[in-house]
Engineer: 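Have a look at this one before I ask anything.
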Amino acid sequence: MTAPVLDLRARPSWRSVKDRLMTGLMIAAVAIVLVPLAAVLSSLIARGGGIVLAAFPDFFTEEIPRFSRRAGPGMGPAVVGTLLVTAAATAMAVPLGVLGAVYLHEYGGRGRLARLVRFMATVMTGVPSIVMGLFVYLLWTIRFGFSAFGGALALACLMLPVVIGASEQMLRLVPGHLREASYALGATKSRTILTVVLPAALPGIVSGCLLAVARAAGETAPLLFAVGAAKAFNWSVLHDANTALSMQIFGNAMDVPAAQDRAWGAALTLVLLTFLLTLTARLVTGRFARRR
Amino acid sequence: MEPAIAIPTSTPTPTRPPHVAPVLPERRSAPSLDAPAVFDLEDVEIYYGAFRAVRGVSMKIYEHQITAFIGPSGCGKTTVLRAFNRMHDTTPGARVAGKLRYHGVDLYAPEVSATEVRRRIGMVFQKPNPFPKSIYDNIAFGPRINGVSDRTRLDEIVERSLRSAALWDEVKDRLDRSALGLSGGQQQRLCIARTIAVEPEVVLMDEPCSALDPIATARIEELMRELKSRFTIVIVTHNMQQAARTSDRTAFFTAELDSKTDQRTGTLVEYDATARLFSNPRDERTENYITGRFG
Amino acid sequence: MQLSELRGSPQHADRAFRWLATGAAGVVLVVLALIAITMTDRARPVLERMGLGFFTETTWSVPTGTFGALGFIYGTLYTAVIAIALAVPVSFGVALFVTQAAPRWLRRPLVYTIDLLAVVPSVVFGLWGLLVMGPALGLHGSYATAGIILAIMITPIITSLSREVIETTPTTDKEAALALGATRWEMISAAVWPHSRAGLVGAVMLGLGRAMGETIAATLVIGNTVHVTANPLAPGYSMPTVIANEFGEAEPLHKSALIALAVTLFLITIAVNLVASWIVQRQARRSAGR
């Protein structure tokens, strides 16, 4: 029996053309996003790689040339400065942020103070970095002069709400029955938090903090009016002007070509640093997810 | 059998696939096997990745009948139903093996377009899922994407579909209000109206009454009986009595534990005229399920 | 058993810990209060001198002590608008692709890679924009250059938030559209779009807030000239960039003016961010309730 057969093939029609067109646009959008990423990375490697690799450790061990017209390395003081400022900021922001999150989730709950703090923390994440820089200038630099610590203060203020938000999220994921088991054994609340809850949330908190540190390391504006512009190594956190990779990039960008080369080298270093921190954070999250 | 090169239709409106002489509405007690087979399944198996969810299903679904799939949870009845309109395409890793023919055409042949299939084989879901649009726009959605833009025609189609779904009188004065404002039973009838607005040949129903109260359920069952003369209906139901009340033929599925893989695979146990399956089942498992000894 | 046996020892350490945690949370309030107080205090001199003219005049002249911020406010808004106009279609396209059209195996790597764009520090984008992209496109310091760089920088966050919003679309609605024979694009416009619309607005506004507050990248490529014009190729100026450029060596009144600019910027971005957060949270609550 050969009844007339029905045709289920895709019909050429405006609908299928439109569908394919839209999918094409979506793919184009993805390509558009990837192009700048690839372009920036290749510029960094091409223009920064040269000066970093030529005479290898010199870029990190030499001081910044006093006369910017002089070609060649290095950016050592900037690397040291970035590390100092970021480490000091982390040392202030992380304990305060984690403890603050502990208050919000374990003690405050939905109380008035907790809701106010949460709201203000959201407000604080929206503070433009330059505003934070001016604030620290008015509070610290005017009285105590330039130092790495001033920059660290500004960065810590930027990091604090981020650490609080990420940590509170992680604390929320710790199941209630873990806490109850600890209470049932007679442990106090503070002991429970310190020995049971925080260790359980630790990988997520670490990952969140690493991301905050990565962002802080790349910041420029908060440091502009607090850190100064040293060209020699300064290992002291509290005394005397210092510098940072981000500030050097900013300062050298509109300078002579020799200085611009150093800026590219500093940019490559900074990007490698932030990428490293981010990748570590993602690895930690990955292992955390698998463990649960 | 490969799909032969067909005569493409040139009309922009949805057309029904050509079929043989119209069949008279069947009486429930003796569904004729002379009715043309709409679907012909030959050893159909459905996999999710490496897991075999359903095995060895062979059956024919007949035109203008209500066919019910019954069985305990996890026996694969919904899985088989969703194979009829290529819904497994949306699940990554899902695979349909064996032959599933619709009027002789293999639905899973590479040249077959899922969109075309779904225009002819519609589906009503377990939980009513109207779009967050007006009642009118919900019904008009299908015809609009099929090219109908003339307002008069759309009005006709909307009214006809809502009447067929026994919903017209309740909503005719508020067609431009949101469909989400209707009650559960009304929303499900709206979904039925939306499905038949494109004039499919088959309407698949996946436990359409499980989220509804008994009164709304009764109205839907009554609707199914009316619609049978225009469509072919396949319904998955948890409710044996519903199957016994409404369907012409019933297929009983069950899940078997595969000793090798420790997984439960669904399989078709028995498929027969409803009256006969319920009064005189051939398989012991069917009898156990019907008499409530398990499931 | 005596009652005294059940009384337990005084919980000094436990209470101390609680106060410590409370204090840490309170630091947020203290810092914000300090910011508000010190900055408005230092902004007062210029506002007393200029009155409302601070916001309505465009003349910014250090020697005569006239400080009109309108040019910078305009520049901030203009570059942000350019950035949003460029970033939003691209971000939506990427978000839709990742959630609806991309093959499973591609999703995570793609998201990871796009998120890397958010990791690159803004000063590096500024350097690249100034020395590579600008010359390559024939653009020099201008609103357009700044707008493009800002667009690149805010795309990851708009994409990421849009993705989250789109993923809350109920599967059953998508299936309903497909079951009626809709193509993927028809399904997106019928089921995904109505559900996501509000949340996507919130995502865009958060991107807007970020674009307005972004300082360093813009400073390097904006052109540093006050220019109230609709011509995107003209050099321009904005609030954060003028602060970055001029604060270092400013006199007290000048500094006061720059601080007043900072406060203005702060208030605008806070307002935008709050509205955006409210919208996004409302969308999240509504979808969860379904």
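Since we're looking at a predicted model, the values are computed, not measured. Residue numbers start from 1 in every chain, and the chains themselves are labelled A, B, ... in the order their sequence lines are given, proteins ahead of strands.
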Engineer: Is the closest side-chain heavy-atom distance between A:M254 and C:N224 below 4.5 Å?
Structural biologist: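 Yes, side chains in contact.
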
Engineer: Under a 4.5 Å cutoff for heavy-atom pairs, which residue among C:V120, C:V124, C:N273, C:L261 has the most contacts with chain A?
Structural biologist: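 Top option by heavy-atom pairs under 4.5 Å: C:V124.
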
Engineer: Among A:V33, A:I32, A:L21, single out the residue with the greatest number of heavy-atom pairs under 4.5 Å to chain C.
Structural biologist: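 Highest number of heavy-atom pairs under 4.5 Å: A:V33.
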
Engineer: Taking side chain as everything from C-beta outward and backbone as N, CA, C, O, which of these in A:I130 sits under 4.5 Å from a heavy atom of chain C? Side chain, backbone, both or neither.
Structural biologist: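 Looking at A:I130, backbone and side chain both touch chain C.
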
Engineer: Between C:T215 and chain A, which part of the residue has a heavy atom less than 4.5 Å away: side chain, backbone, both or neither?
Structural biologist: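 For C:T215, the side chain is the part near chain A, not the backbone.
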
Engineer: With a 4.5 Å limit on heavy-atom distance, are the side chains of A:V136 and A:M132 in contact?
Structural biologist: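 When only atoms from C-beta onward are counted, A:M132 and A:V136 do not touch, as no gap falls below 4.5 Å.
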
Engineer: Specify which of A:L44, A:L194, A:L277 makes the most heavy-atom pairs with chain C at under 4.5 Å.
Structural biologist: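 It is A:L194.
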
Engineer: Name the region of A:L96, side chain, backbone, both or neither, that has any atom closer than 4.5 Å to a heavy atom of chain C.
Structural biologist: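 Both backbone and side chain.
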
Engineer: Heavy-atom pairs under 4.5 Å with chain C: which of A:L134, A:V127, A:V271 has the most?
Structural biologist: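 Max contact count across the listed options: A:L134.
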
Engineer: Return the option, out of A:I193, A:L138, A:V102, A:L211, with the maximum number of heavy-atom pairs under 4.5 Å with chain C.
Structural biologist: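 Highest number of pairs under 4.5 Å: A:L138.
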
Engineer: Most heavy-atom pairs under 4.5 angstrom with chain C, which of A:V123, A:L245, A:T23?
Structural biologist: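 Looking at each of A:V123, A:L245, A:T23 in turn, A:V123 comes out on top.
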
Engineer: Which label fits A:Y107 and A:Y103: parallel for a plane angle under 30°, tilted from 30 to 60°, or perpendicular past 60°?
Structural biologist: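 Correct class here is parallel.
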
Engineer: Quick check on A:T188 against chain C: is it the side chain, the backbone, both or neither that has a heavy atom closer than 4.5 Å?
Structural biologist: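 Both parts, backbone and side chain.
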
Engineer: What part of C:D115 is in contact with chain A, defined as an atom under 4.5 angstrom from a non-hydrogen atom: side chain, backbone, both or neither?
Structural biologist: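 C:D115 touches chain A through backbone and side-chain heavy atoms alike.
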
Engineer: Using a cut-off of under 4.5 Å on heavy-atom pairs, state which of C:T183, C:V31, C:I216, C:V94 scores highest against chain A.
Structural biologist: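 Ranked by heavy-atom pairs under 4.5 Å with chain A, first place is C:I216.
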
Engineer: Contact between C:I243 and C:F72 at the side-chain level, heavy atoms closer than 4.5 Å - yes or no?
Structural biologist: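 SC-SC contact between C:I243 and C:F72 ruled out.
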
Engineer: Quick one: of A:I249, A:T122, A:V40, A:T274, who has the most non-hydrogen atom pairs under 4.5 Å with chain C?
Structural biologist: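 Among A:I249, A:T122, A:V40, A:T274, the one with the most close pairs to chain C is A:V40.
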
Engineer: Given heavy-atom pairs under 4.5 angstrom as the criterion, report whether the side chain, backbone, both or neither of C:Y112 touches chain A.
Structural biologist: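 The answer is both parts of C:Y112.
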
Engineer: Applying ring pair (Phe, Tyr, Trp, His ring centres under 6.0 Å), can you list everything that pairs with A:F225, at least two apart in sequence or on another chain?
Structural biologist: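 Counting only residues at least two positions away or on another chain, A:F225 forms a ring pair (Phe, Tyr, Trp, His ring centres under 6.0 Å) with C:F247.
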
Engineer: May I ask you to test the A:R215-A:L158 pair for a side-chain heavy-atom distance under 4.5 Å?
Structural biologist: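 They are not in contact (no side-chain heavy atoms under 4.5 Å apart), so the answer is no.
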
